[in-house]
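These numbers come from a predicted model, not from an experiment.
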Amino acid sequence: MSARLIIVGPPGAGKGTQAGRIAASFGIPAISTGDIFRKNVAEGTPLGVQAKALMDAGEYVPDSLTNELVKSRLQEPDAEHGFLLDGYPRTVGQVEYLDALLTEHGTAIDAVVQLVADQDVLVGRLLKRAEDQGRSDDTEETIRRRQQVYAEQTAPIVAAYGERGLVVDVDGLGGIDEVGDRIQTALSGRGLSATV
Ligand code: AMP
């Protein structure tokens, strides 16, 4: 069935993994703006050249560029009957742009899946991962900072969709299948059932 979804979740909550699973089960593309930017950087496209310095500095790519990128991606045939956005919208301006774009096509966002997890558990998980992978620059301080930045930046976006009753909170702690099942159950409770 068609489903126009957004997924948000703190670093370490397995958002990318769950995004892939939801997209596969609904038969819709998972669209990650971060992945698209990274691909453009790797290929040295004009967009990639513009985005690289900002990304390296940990800053956002301007809304004008990001919105255009999403517009053209959503015009591709595979997104006609639905999509799952990951990493977009990230600013209130992007929320407004997406609203206008979808309204133009007579569609709208159906739900925003928010993975929720205890910060201390996530920090512990990310610290262990950093240790296992020898990433010594991922200290507890930087990991906690990233969690804080995430919380601050996501709050207005979630609030905007929350006002419309579109936010579905899902407990993000547990095995991949367990969390995946929770997401499916929560979405089907809203009349959004996977086809596969
Ligand atoms: P991510 O993998 O989603 O963390 O994205 C990596 C980087 O791409 C971010 O740090 C930003 O520089 C850029 N980026 C991704 N999505 C967006 C967005 N929606 N708005 C602005 N910049 C973005």
Side-chain angles (χ1 to χ4, degrees), residues 1-36 66-67 70 73-74 78-123 125-126 146-196:
M1 71 174 289
S2 85
R4 293 177 176 83
L5 307 170
I6 294 169
I7 187 166
V8 297
K15 178 168 62 81
T17 305
Q18 295 300 337
R21 292 176 59 112
I22 301 168
S25 64
F26 276 88
I28 55 179
I31 300 173
S32 153
T33 42
D35 282 352
I36 299 175
T66 309
N67 287 336
V70 170
R73 179 63 187 88
L74 293 185
D78 65 338
E80 194 186 343
H81 297 295
F83 49 79
L84 172 69
L85 290 170
D86 174 3
Y88 180 95
R90 240 156 144 137
T91 65
V92 173
Q94 291 177 9
V95 172
E96 288 166 359
Y97 180 87
L98 181 63
D99 279 345
L101 185 66
L102 296 180
T103 303
E104 227 173 82
H105 290 90
T107 61
I109 292 297
D110 295 308
V112 177
V113 175
Q114 173 166 235
L115 295 178
V116 182
D118 181 79
Q119 274 212 6
D120 289 336
V121 176
L122 292 181
V123 171
R125 209 192 254 186
L126 289 168
R146 256 181 248 136
Q147 296 283 336
Q148 192 190 336
V149 167
Y150 165 80
E152 284 168 9
Q153 292 176 341
T154 319
I157 311 304
V158 172
Y161 289 109
E163 277 172 20
R164 303 182 214 168
L166 290 178
V167 179
V168 183
D169 279 344
V170 176
D171 177 1
L173 288 180
I176 291 175
D177 287 340
E178 204 180 346
V179 176
D181 287 348
R182 281 183 205 139
I183 296 174
Q184 299 292 357
T185 305
L187 289 176
S188 59
R190 301 196 150 222
L192 299 163
S193 295
T195 43
V196 185

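Pairing each heavy atom of A111 with each of V168, the nearest pair is CB-CG2, 4.1 Å. The shortest heavy-atom contact between A194 and S25 is CB-O, 3.4 Å. For the pair F26 and L192, the tightest heavy-atom approach, listed with the atom from each and the gap, is CZ-O, 3.6 Å. Annotation for T66 and Y88: closest pair CG2-CD1, 3.7 Å, computed over non-hydrogen atoms. Minimum heavy-atom separation, V92 to I157: N-CD1, 3.8 Å. Contact between Y150 and G9 at its shortest, heavy atoms only, is OH-N, 3.0 Å.
Contact annotation: the side chain of I31 never approaches that of V70 to less than 4.5 Å [non-hydrogen atoms, C-beta and beyond]. Considering only heavy atoms from C-beta on, T185 stays 4.5 Å or farther from V170 through its side chain. Side-chain contact between Q119 and L122 is absent, with no heavy-atom pair separated by less than 4.5 Å.
Rounded to the nearest 0.5 Å, atoms CD1 (I6) and OH (Y161) are 3.5 Å apart. Here the CD-OG1 distance, from Q153 to T91, works out to 10.0 Å after rounding to the nearest 0.5 Å. Rounding to the nearest 0.5 angstrom, the gap separating the CG atom in L74 from the CD atom in E80 is 12.0 Å. The distance from atom CD1 of I22 to atom CG of L5, rounded to the nearest 0.5 Å, is 7.0 Å. Separation of atoms CG (D118) and CZ (R125) is listed at 10.5 Å; rounding is to 0.5 Å. A distance of 4.0 Å separates OG1 in T107 from CG in L102, rounded to the nearest 0.5 Å.
Q147 places a side-chain N or O within 3.5 Å of a backbone atom of P11 that can act as its donor or acceptor partner. Of the possible polar contacts, none joining the S193 side chain to the S188 backbone as a donor-acceptor pair under 3.5 Å is found.
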* Can R190 and D110 be said to form a salt bridge (Lys or Arg N to Asp or Glu O under 4.0 Å), step by step? -> CA-CA 9 Å; R190 301 196 150 222; D110 295 308; over 6 Å; no
* Steps toward side-chain contact (heavy atoms from CB on, under 4.5 Å) verdict (D99, R164) -> CA-CA 12 Å; D99 279 345; R164 303 182 214 168; 2.7 Å; yes
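Within a 6.0 Å sphere centred on CD1 of I176, heavy atoms belonging to other residues, nucleotides or ligands number 12 at most.
Using a 4.0 Å cut-off between a side-chain N of Lys or Arg and a carboxylate O of Asp or Glu, R73 and D78 qualify as a salt bridge.
Not counting sequence neighbours, E163 has no partner by the side chain to side chain donor-acceptor pair (under 3.5 Å) test.
Sequence neighbours left out, the pairs with a member in residues 4-23 that pass side-chain hydrogen bond (donor to acceptor under 3.5 Å, both in side chains) are K15-D86, R21-D177.
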